[in-house]
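Heads up: the structure comes next, in structure tokens.
Please read all numbers here as calculations on a predicted model, not as lab measurements. Side-chain atoms are counted along with the backbone in the values below, which use heavy atoms only and exclude waters and symmetry mates.
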2 protein chains.
Amino acid sequence: MTRTPLWKSIALALTADIAEDRYRTGDQLPTEAQLAAKFGVNRHTVRRALAEMAAQGLVHARRGAGVFVAARPTDYPIGRRVRFHQSVAAGGQTPAKQLLALDTRAADAREAEALALAPGDPVLVYDGLSLADGAPIALFRSAFPARRFPDLEAALTKTRSVTQALARCGVADYTRATTRVTAKLANATQAVHLRIAEGAPILRTVAVNVDATGQPVEYGRTWFAGDRVTLTVEGEGG
Amino acid sequence: MTRTPLWKSIALALTADIAEDRYRTGDQLPTEAQLAAKFGVNRHTVRRALAEMAAQGLVHARRGAGVFVAARPTDYPIGRRVRFHQSVAAGGQTPAKQLLALDTRAADAREAEALALAPGDPVLVYDGLSLADGAPIALFRSAFPARRFPDLEAALTKTRSVTQALARCGVADYTRATTRVTAKLANATQAVHLRIAEGAPILRTVAVNVDATGQPVEYGRTWFAGDRVTLTVEGEGG
DNA sequence: GGCTAATATTTGTATAGTTGTATAGGTCAT
DNA sequence: ATGACCTATACAACTATACAAATATTAGCC
């Protein structure tokens with residue numbers, strides 16, 4: 001005589017809690033065991049409800065950690081003068097960057113070509129994570145010509161902003177020369193960082209930034225969580 | 001939904017980094033904490049990956065120091081005319097020797113017998129470490145008849161090479177009379193020197209070198225890191 | 001300079017908690 | 001009978017935290 005399945009009513013109740021801001025973006029929900037006790041059902045029934053909500057992008061679970069309220073989609077522009085900080089702030093969210101790794105090594109073939117370096121020239125590689133309101137938006141890996149910017153590593157350690165760090169190294173302004181966008185599937189590592197499932201869709205952009213004289217200063221690859229970001233292309237006066 | 005366990009993909013990524021020489025033999029990897037941040041997982045997950053790589057002999061951890069890329073297996077010949085320096089250089093690696101202790105004392109029973117000395121005769125004992133590309137390959141303890149070579153201690157201090165030191169003491173050439181090989185387990189001291197785990201397998205060789213007249217000039221015991229060295233037996237024309 | 005002691009860093013180990021997955025079975029409406 | 005729904009149990013994978021043990025680094029002292 002159960003018109004509505006238990007799991008469905010549980011999902012509705014939790015969805016209402018989120019809609020009424022009882023749980024906010026990034027918050028951890030009670031554990032599955034706690035929810036099961038609270039609703040007086042088996043843990044699997046709660047899981048069924050959470051699975052439905054996850055499929056709708058409302059929540060996301062991290063094994064071993066808990067279930068969290070997912071971030072709302074972010075609009076992200078692509079154009080000649082894109083600055084992550086400004087773009088996110090313009091959308092009313094708080095931007096942040098997390099440094100994952102900073103390493104100097106020999107350039108690989110693509111990096112050397114994009115930056116107009118000789119094979120084997122050193123590049124400074126900056127792996128990081130872009131956040132909006134604490135939610136991960138994008139993974140990125142930027143390569144810079146290490147010989148031209150010997151102080152960039154220190155600058156990036158202080159201010160994780162690429163724009164500010166380059167400014168300290170004498171590049172007052174830079175613009176995006178090329179951008180290519182492709183679709184990929186998240187591998188395990190990317191999925192963890194972006195808090196999405198392995199195999200979930202990802203937007204990958206490959207870009208080269210140049211200074212005022214046209215010299216390439218940054219070769220950047222960025223991976224966006226596909227269902228959390230919408231890339232918008234500005235009119236580019238080529 | 002994790003097709004591939006996280007730790008496995010992390011181990012693969014790090015293994016690839018080593019294979020592409022981004023981390024070289026003897027290099028220290030980033031700390032577990034840094035790797036955990038870089039891959040966006042808990043430290044224990046990184047440890048699981050490192051444990052797998054350590055089990056394969058790819059890396060080795062030293063508590064309090066870090067995780068290091070293990071040396072690649074070195075081929076080491078056993079035969080009548082073995083010279084450490086030449087053997088390692090022939091393999092394309094850079095040989096070195098580290099002096100641990102140099103001491104003159106009364107010979108014990110085995111040393112006396114091997115060197116054809118009277119009980120209680122003095123022997124010069126040379127404890128050292130053999131390195132290839134900076135990675136420890138073998139621990140050794142060599143005993144020489146002190147009365148026959150009064151200047152050997154000074155010579156060994158200058159040039160840590162046994163061959164060169166003996167040459168200065170009038171032994172232009174020597175050959176290996178006997179070699180015995182056994183397997184042991186590393187004790188704590190050996191493990192520290194060889195940068196392996198306590199209880200790891202060790203190859204021990206016991207050898208007597210004789211001069212052109214057949215007089216024994218060196219009684220040497222050597223402990224090789226079992227998983228880092230392959231002993232190859234040359235055809236010995238007795 | 002060299003030695004010692006204190007401090008900080010790094011790996012090793014232990015414990016507890018959380019989500020993911022698999023298996024087995026039971027209830028009920030159609 | 002069949003399939004959707006729900007319970008029960010167990011284990012694997014991962015997180016979180018804390019502390020111990022070994023090492024590296026630094027400061028101070030002679």
Side-chain angles (χ1 to χ4, degrees), chain A residues 1-12 14 26-55 58-70 136 188-189 191-200, chain B residues 1-12 14 26-55 59-70 136 186-200:
Chain A
M1 199 73 67
T2 46
R3 306 181 176 180
T4 54
L6 274 179
W7 63 265
K8 216 162 199 172
S9 63
I10 292 173
L12 275 177
L14 291 176
D27 277 3
Q28 179 176 4
L29 296 184
T31 68
E32 294 178 346
Q34 287 172 335
L35 288 175
K38 173 180 176 181
F39 289 105
V41 298
N42 187 271
R43 191 183 138 218
H44 280 63
T45 308
V46 169
R47 283 182 61 72
R48 178 74 192 267
L50 291 175
E52 191 74 5
M53 295 170 70
L58 256 145
V59 298
H60 180 256
R62 284 173 54 207
R63 179 191 299 206
V67 180
F68 300 83
V69 180
T189 303
V192 167
H193 274 127
L194 294 176
R195 306 257 188 269
I196 57 180
E198 185 180 357
Chain B
M1 194 78 68
T2 43
R3 308 173 180 181
T4 54
L6 276 178
W7 62 266
K8 216 164 199 170
S9 66
I10 292 173
L12 276 177
L14 291 176
D27 276 4
Q28 178 175 5
L29 294 184
T31 67
E32 294 177 348
Q34 286 173 334
L35 289 175
K38 174 175 179 179
F39 289 105
V41 300
N42 188 270
R43 191 182 137 221
H44 285 320
T45 308
V46 168
R47 282 179 63 73
R48 176 78 191 267
L50 291 175
E52 190 75 5
M53 296 170 69
V59 298
H60 177 254
R62 285 170 54 208
R63 178 190 299 203
V67 180
F68 300 83
V69 180
N187 64 29
T189 305
Q190 295 165 339
V192 168
H193 276 126
L194 294 176
R195 303 243 191 284
I196 58 180
E198 188 176 352

Item to complete: Could you work out which one of D:dT15, D:dC6, C:dG12 sits closest to the side chain of A:Ala65?
Response: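 Per side-chain heavy atoms of A:Ala65, the pick is D:dT15.
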Discussion item. By nearest atom, which of the nucleotides D:dC6, C:dT19, D:dC14 is closest to the A:Pro5 side chain?
Written reply: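 Per side-chain heavy atoms of A:Pro5, the pick is D:dC6.
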Measure from [atom1] on [X] to [atom2] on [N] and round the result to the nearest Å.
{"X": "B:Glu52", "N": "D:dC14", "atom1": "CD", "atom2": "P", "value": "12 Å"}
{"X": "B:Arg62", "N": "D:dT25", "atom1": "CZ", "atom2": "P", "value": "10 Å"}
{"X": "A:Lys8", "N": "D:dA4", "atom1": "NZ", "atom2": "P", "value": "13 Å"}
{"X": "A:Leu50", "N": "C:dT18", "atom1": "CG", "atom2": "P", "value": "14 Å"}
{"X": "A:Gln28", "N": "D:dC14", "atom1": "CD", "atom2": "P", "value": "18 Å"}
{"X": "B:Phe68", "N": "D:dA24", "atom1": "CZ", "atom2": "P", "value": "7 Å"}
{"X": "A:Asn42", "N": "D:dT9", "atom1": "CG", "atom2": "P", "value": "9 Å"}
{"X": "A:His60", "N": "D:dT15", "atom1": "NE2", "atom2": "P", "value": "12 Å"}

Worksheet item: Any donor and acceptor pair, going by atom type alone, linking the side chain of B:Gln28 with main-chain N or O of B:Ala65 inside 3.5 Å?
Response: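 Yes, B:Gln28 side chain to B:Ala65 backbone: donor-acceptor pair under 3.5 Å.
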Discussion item. For B:Gly66 and A:Pro30, find the nucleotide of DNA chain C closest to each by heavy atoms; which residue's nucleotide sits nearer the 5' end?
Written reply: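 Closest to the 5' end, via its nearest nucleotide, is B:Gly66.
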Discussion item. By the 4.0 Å heavy-atom rule, please label B:Arg47 as base, sugar-phosphate, or nothing.
Written reply: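 Touches a base.
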Discussion item. Please give me the minimum heavy-atom distance between A:Trp7 and A:Ala49, naming the atom from each residue.
Written reply: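 It is O-CB, 3.3 Å.
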Fill in: Heavy-atom closest pair, residues B:Ala61 and B:Val67
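Taking every non-hydrogen atom into account, CB-CG2, 4.0 Å.
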Worksheet item: So, do B:Leu50 and B:Leu29 sit near enough that their side-chain heavy atoms are less than 4.5 Å apart?
Response: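 Heavy-atom side-chain distance check passes, below 4.5 Å.
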Discussion item. Any heavy-atom pair between the side chains of A:Leu35 and A:Leu14 that's under 4.5 Å?
Written reply: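 In short, these two side chains touch, coming nearer than 4.5 Å.
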Discussion item. Given the structure, check if the side chain of A:Arg43 and the base of C:dG20 hold any donor-acceptor pair shorter than 3.5 Å.
Written reply: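 Result: at least one qualifying N/O pair found.
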Worksheet entry | Contact nearer the 5' end of DNA chain D, comparing A:His44 with A:Arg48 |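 Counting from the 5' end, the first nearest nucleotide belongs to A:Arg48.
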Item to complete: Report yes if at least one side-chain N or O of B:Trp7 is closer than 4.0 Å to OP1 or OP2 of D:dA13; otherwise report no.
Response: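 For D:dA13, OP1/OP2 do not have a side-chain N/O of B:Trp7 under 4.0 Å.
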Worksheet entry | Contact under 4.0 Å: A:Thr45 side-chain N or O vs D:dC5 OP1/OP2 |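 Checking A:Thr45 against D:dC5: no side-chain N or O falls below 4.0 Å of OP1 or OP2.
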